[in-house]
Asker: 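Below you will find the structure I want to go over with you.
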2 protein chains.
Amino acid sequence: MSDMTTRDHIIEAADQLFYRQGFEHTSFSNIADAVQISRGNFYHHFKSKDEILDAVINVRLANTQMMLDKWEVEGKMPEDRIRSFINILIANKATIKQYGCPVGTLCTELAKLNHSAQPEANSLFTLFRTWLRRQFTLLGRESVADELAMHLLARSQGVATLANAFHDEKFIKHEVQQMNDWLSSCVKGTE
Amino acid sequence: MSDMTTRDHIIEAADQLFYRQGFEHTSFSNIADAVQISRGNFYHHFKSKDEILDAVINVRLANTQMMLDKWEVEGKMPEDRIRSFINILIANKATIKQYGCPVGTLCTELAKLNHSAQPEANSLFTLFRTWLRRQFTLLGRESVADELAMHLLARSQGVATLANAFHDEKFIKHEVQQMNDWLSSCVKGTE
DNA sequence: GACAACCTAGGACGACCATCCTAATATTCG
DNA sequence: CGAATATTAGGATGGTCGTCCTAGGTTGTC
C-alpha cells in the first residue's frame, strides 16, 4: 500500500471522484484535496486532465480483466461464471444505488461531452461483452451468444440506472433474481 | 409557432442542448447562440440556470403526460398501450443511438451533480412508472403491476444506454422484439 | 560532498462560466 | 402623442477552470 507512487494515488482518487461526481464535474482541486498534494504538481505526472482519464480507464480495464479471469477460474461451469457477473449488482448494490454503474455512467457522460476517450471507455463494455459471449458459447448457444451477452449487459445497465434514480436496493435484488431465473431457463433450453 | 414567446424559445433550445450535451456542459452562451439572443438577456426570463432546468423538466413532464394520455385514448387494450411505450425505442432509435434516453441520461447526470432538481427529474420516471403500473393492473396483474412496470422501464433504460455506447440501432430493434414477446407471455399468463 | 535528476508547492495565466448592471429600444395603453 | 412598462443588448464582475512556470526541496549516484 505504501509503495504506491503519487501517480497511483492520483489515479485512485480520480477514479473515485469521476465515479461519484462525474468526469467534468471533478476538478483538479477536488483531486488535489483528496490526494493532499499541490494543484500545480499534477503536470509532472500527467500532461492533461484527459490523460488522467485515460489512466483511470486503463486501471479499470486491468481490474475488470482480473475480475473476469478470477471468475473464469472460480466458476467451473459457464453458468456459474455468468452468475458471478449477475452478482456484481448485489455485491455493489449500495454504491450502485448512490452512484449508478461506473461503466455505464462514464460512457453516458463521455458521449454527451463528445469526448475523445469514448472508445476507451466503451471498451470496458466490450470486455464484459466478449467475456459473456464466450460463456454463452460454452453453454452451447454459439449462434446467439452475442445477443444473449448484450441482453444481459442491457438488463444490468437498466437495473443500475433505475436503482440509482429511485434509490432502491430492493429493486436490484428483485431484478437479479429474475435475471438468475432467466439464465436458468437459458441453460435448460439447451439440455 | 411564431406566437411562441422568447421564454418558450429559450426552453426549447435548452431542452435540446441539455439532451445532446448534458446540463452542466451546456452554457448560457450555447443557448444564446441557439436562440439568437443576447447572453445577459436571460435573466429577464429566468433567475438562474437551475430555473431554466426546472422549466425544461416541467415542459418534458407536460409533454410526457400528453403522450401517455394519447396512448390511453388510442390503445383500446392495455396491452396495446404498453406496446406504445415499448415502441418509443423504435420511434426514437436514431436520437437514442446518438444521445441516449432523455430521461435516463438527465437523471444520471443530476445524481452525479447532486443537483437539487433530482426529484423533479426522477418524477419523469415516475410518470411512466405509474402509467405502466396502471396498464398492468388493467391487465389483471395488480399484485405485481409495479414490479412489471419497473422491469419494463429498466429494460428500456438498458437498451438505450447500450445502444448509445455501441452506436447500434439494430440492437434496439432486436431487444424491442424480445420485449414485445415478453409482454405477450405476460398477457397469455392471465388468460 | 557535489551534482544531476526527480519531485513538489504555489502562484500566474488566459479562458470561460453564471450572474448582474445599465442603458437603449419596443411595446402597451391612458 | 406620451408615459409607463416590458424587453433587449452588451459589457462588467468575481469566481473557477485547466494549464503553465518557476523556485525550492528531496533523492540518488559517483
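Throughout, a chain's letter reflects where its sequence line sits, starting with A, and its residues are numbered from 1. Since the model is a prediction, treat every value here as computed from it, not as a measurement.
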Asker: Rounded to whole angstrom units, what separation is found between the CD atom of B/Glu24 and the C1' atom of D/dT16?
Answerer: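 Going from B/Glu24 (CD) to D/dT16 (C1'), I get 12 Å.
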Asker: If you check every side-chain atom of A/Ser48, which of C/dA9, C/dA18, D/dT19 has the closest atom?
Answerer: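 Ranking C/dA9, C/dA18, D/dT19 by closest atom to the A/Ser48 side chain puts D/dT19 first.
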Asker: Take atom CZ of B/Arg7 and atom P of D/dA6, then tell me their distance rounded to the nearest Å.
Answerer: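 After rounding, the gap between these two atoms is 15 Å.
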Asker: Look at B/Thr6 and D/dT7 and indicate whether a side-chain polar atom (N or O) is within less than 4.0 Å of OP1 or OP2.
Answerer: no
Asker: Rounded off to whole Å, could you give me the CZ-to-P distance for the A/Phe42 and C/dC7 pair?
Answerer: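 Taking CZ of A/Phe42 and P of C/dC7, I get 15 Å after rounding.
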Asker: Between D/dC17 and A/Ser29, is there an OP1 or OP2 to side-chain N/O distance shorter than 4.0 Å?
Answerer: yes
Asker: Does a nitrogen or oxygen in the side chain of B/Ser38 sit under 4.0 Å from OP1 or OP2 of D/dT8?
Answerer: no
Asker: Starting at atom CD1 of B/Ile52, determine the distance to atom C1' of C/dC17, rounded to an integer number of angstrom.
Answerer: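 Roughly 13 Å, once rounded to whole Å.
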Asker: Side chains of A/Asp69 and A/Gln65: is there a donor and an acceptor less than 3.5 Å apart?
Answerer: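 Yes.
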Asker: Which whole-number value in Å describes the distance from A/His45 NE2 to D/dT19 P?
Answerer: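 That distance rounds to 16 Å.
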Asker: Taking the six-membered ring of A/Phe18, is NZ or CZ of A/Arg60 closer than 6.0 Å to its centre and within 45° of its axis?
Answerer: no
Asker: For B/Glu175, enumerate each residue passing the side-chain hydrogen bond (donor to acceptor under 3.5 Å, both in side chains) test, keeping only those at least two apart in sequence or located in another chain.
Answerer: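 For B/Glu175, the residues satisfying side-chain hydrogen bond (donor to acceptor under 3.5 Å, both in side chains) (neighbours in sequence not counted) are A/His151.
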Asker: Output the rounded distance in Å from NZ (A/Lys47) to C1' (D/dG18).
Answerer: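 These atoms are roughly 16 Å apart.
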Asker: Rounded to the nearest Å, what distance is computed from the OH atom of residue A/Tyr43 to the P atom of nucleotide D/dG18?
Answerer: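 Value for this atom pair: 7 Å.
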Asker: Could you check which of D/dT19, C/dC17, D/dA12 has an atom nearest any side-chain atom of A/Lys49?
Answerer: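 Shortest atom-to-atom distance from the side chain points to D/dT19.
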Asker: Provide, to the nearest angstrom, the distance between the CG atom belonging to A/Asn41 and the C1' atom belonging to D/dG25.
Answerer: 12 Å
Asker: What orientation do A/Tyr43 and A/Phe28 show, parallel under 30°, tilted 30 to 60°, or perpendicular over 60°?
Answerer: parallel
Asker: Is it true that B/Lys173 and B/Glu169 have a side-chain N and a carboxylate O under 4.0 angstrom from each other?
Answerer: no
Asker: Counting heavy atoms from C-beta on, name the nucleotide in D/dA9, D/dT8, D/dT19 closest to the side chain of B/His44.
Answerer: D/dT8
